[in-house]
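What follows is a short report on a single structure.
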Amino acid sequence: MNTLTQMLVSDRPLIMGVLNVTPDSFSDGGQYATTDQAIQHVNRLIVEGADMLDIGGESTRPGSQPVSLEEELSRVIPVIEFAVHKRIPVSIDTSKPAVMRAAIRAGADLVNDVNALQAPGALEAIAENSAMVCLMHMQGTPETMQNTPHYSDVVTEVQAFLAQRIDAARNAGIPAERILIDPGFGFGKTLEHNLTLLQQLDRLLALGCPILVGLSRKSMLGAITGNTVDSRLHASVAAALLAVIKGAKIVRVHDVKATRDALSVLEAVI
Ligand code: 7PJ
């Protein structure tokens, strides 16, 4: 059993620290400078108490543009290698099968795919390895998803999609123990959809897979508080705490230290 599998069977909520190795996340500089800064951030997230790191080289924010395979690999692989060397479990945030394979070869334990393994060859890339996978719900594509999100019943529809993707993964040979699910907050959802999903997050527990959520700094928190993205720390911590109370096993966050403190208080009480 690897450390990630061991952590998942414990009853403790887990913190996934976000590490975006994307040009817009860092100040200007060449490839070495970017990798260097990313590596410094790995160290910081570890010190702050992250249980695992989610390393991504392609932005999936609303309106973002795709990047080439070569560019994505050159951004993430050196950082994954460094994190593996530091012995922290690594998640690769990608939808590309070639990046999944290369990241797993470099030591990644988990593939975080906002496209839920729907790209051609993605199911096979996971099935032929022993890495875990997070299947996330999204309505539309990152370019257009926030234009006109529509559901007749958001929780039922997200649940049905995730059930269908779990079936597809299992039919491809990925055992259920290797699957995590995520409702995909902000991915083709209005504020009301996001709030309904958070209120009823526990309904997704019926699917039988651990739930991962990403609420950190998201625009729904800006809509609630009126705060810009750089002032959403407190709202993000509140949202992470609520998600854990509602059944989330893993919270994907930018602010690891603050989230760690909040979850320590929760764990001391429950
Ligand atoms: C999520 C993600 C999320 C998972 C992003 C952002 C947008 N992966 N990648 N779940 N969000 N699994 O962090 O604002 O919610 S990128």
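All values reported here derive from a predicted model rather than from experimental measurement. Side chains included, hydrogens not; waters and symmetry mates left out as well; all remaining heavy atoms used. Start at 1 and go down the list; that is how both ligands and their atoms are numbered.
Using a 4.0 Å cut-off to heavy atoms of Leu212, the atoms of ligand 1 that qualify are 12 (N). Counting the atoms of ligand 1 from 1 in the order shown, those under 4.0 Å from a heavy atom of Asp93 are 9 (N). Those atoms of ligand 1 that come under 4.0 Å of a heavy atom in Met136, given as number and element, are 3 (C), 4 (C), 10 (N).
Placement of Leu233 and Leu215 in two distinct hydrophobic clusters is found when ILVMFWY residues are connected by side-chain heavy-atom separations under 4.5 Å, directly or transitively.
Residue-to-ligand polar distances place Asp182 within reach of ligand 1: an N/O pair is separated by less than 3.5 Å. Considering backbone and side-chain N/O of Arg252, one or more are found under 3.5 Å from N/O of ligand 1. At under 3.5 Å, a nitrogen or oxygen of Lys218, whether backbone or side chain, sits near a nitrogen or oxygen of ligand 1.
In this model, no donor atom of one side chain and acceptor atom of the other lie less than 3.5 Å apart for Glu58 and Thr94. For the residue pair Thr190/His193, the side-chain donor-acceptor check at 3.5 Å is satisfied. Between Arg178 and Ser130, the side chains place no donor N or O within less than 3.5 Å of an acceptor N or O (distance only, hydrogens not considered).
Taking all atoms of both residues into account, the shortest heavy-atom contact from Arg217 to Ser236 is N-OG, 2.8 Å.
At a 4.0 Å heavy-atom cut-off, ligand 1 touches Val114 through the side chain alone.
A donor-acceptor pair under 3.5 Å is absent between the side-chain atoms of Gln139 and the main chain of Lys189, judged by distance alone.
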